[in-house]
Amino acid sequence: MKPLIGVLPLYDKEKDSIWMLPGYLDGILEAGGFPVILPLSSGVEEIEQAAETCAGFLFTGGQDLAPILYGRERSDAVGEICEARDRLELGLLREVIAREKPVFGICRGIQLINVAFGGTLCQDIPSLWDTQVVHAQKPPYDEPAHRITILPDTPLSALWNCGEAQVNSYHHQCIQTLGEGLAPMAYAPDGMVEAVFHPAQRFLWAVQWHPEFLFRTDQKQRMLFEAFLKACR
Ligand code: MN
């Protein structure tokens with residue numbers, strides 16, 4: 001049996017519906033896992049059952065986190081938020097970490113993990129961060145948008161065996177101050193944190209870019225899903 005991977009659902013406010021981009025599921029499938037989209041429920045029993053049942057967890061992209069979660073006033077530039085997802089994800093992450101199960105975060109996922117560990121976010125890159133780097137590229141999303149520098153002596157450096165790479169980029173928020181216990185693995189040329197891990201956890205990795213759009217054409221991005229699945233087996 002392939003390991004079950006709990007995938008945090010995307011939420012469509014207009015349709016009041018959960019949904020999923022196929023890339024997240026295909027990335028897991030092709031790396032040897034069986035993805036399961038979790039319900040948007042933050043009930044204690046549901047969260048505990050999800051944490052018990054699945055072998056690993058993919059925290060996906062999506063809405064902005066409510067700034068109150070990192071102790072900030074909401075700036076006008078904050079986009080749509082989804083409090084139900086915030087509750088589910090913060091509750092689930094706590095239970096998953098208590099069980100030392102693997103976690104992989106993408107885009108909103110890195111931001112959620114950072115906030116869960118007490119970090120803060122930049123609420124809007126265009127209005128608050130002086131940078132020339134394109135972090136909100138136009139489609140297609142399977143093309144590179146900017147360079148990243150990979151820190152030596154990190155799991156990402158060991159996996160890719162290189163010091164630089166090109167990634168896509170589709171985010172208007174990012175890590176401002178790093179959560180306690182998290183360590184950076186990669187930076188954009190403007191100093192933005194693009195990847196983190198938790199050295200005390202077996203596998204807790206997160207990236208600000210979108211490997212789910214890249215893994216078919218970029219072997220490095222495929223390796224991210226494979227490393228995650230290896231930890232889940
Ligand atoms: Mn970026």
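Both counts, for ligands and for their atoms, begin at 1 and track the order of listing.
Annotation: R74, atom CZ; neighbour count of heavy atoms from other residues, nucleotides and ligands within 6.0 Å is above 12. Atom CD of E83 has 12 or fewer neighbouring heavy atoms from other residues, nucleotides or ligands inside a 6.0 Å radius.
Note: L25 CG to F34 CZ = 10.0 Å, rounded to the nearest 0.5 Å.
Taking the N/O/S atoms of H135 in turn, the shortest distance to the Mn ion (ligand 1) belongs to ND1. Closest to the Mn ion (ligand 1) among the N, O or S atoms of E194 is OE2. When the Mn ion (ligand 1) is compared with the N/O/S atoms of H146, atom NE2 turns out nearest.
Taking 2.8 Å as the criterion, S169 counts as a coordinating residue of the Mn ion (ligand 1), since one of its N, O or S atoms falls below it.
No side-chain donor from either of E212 and Q221 sits under 3.5 Å from a side-chain acceptor of the other.
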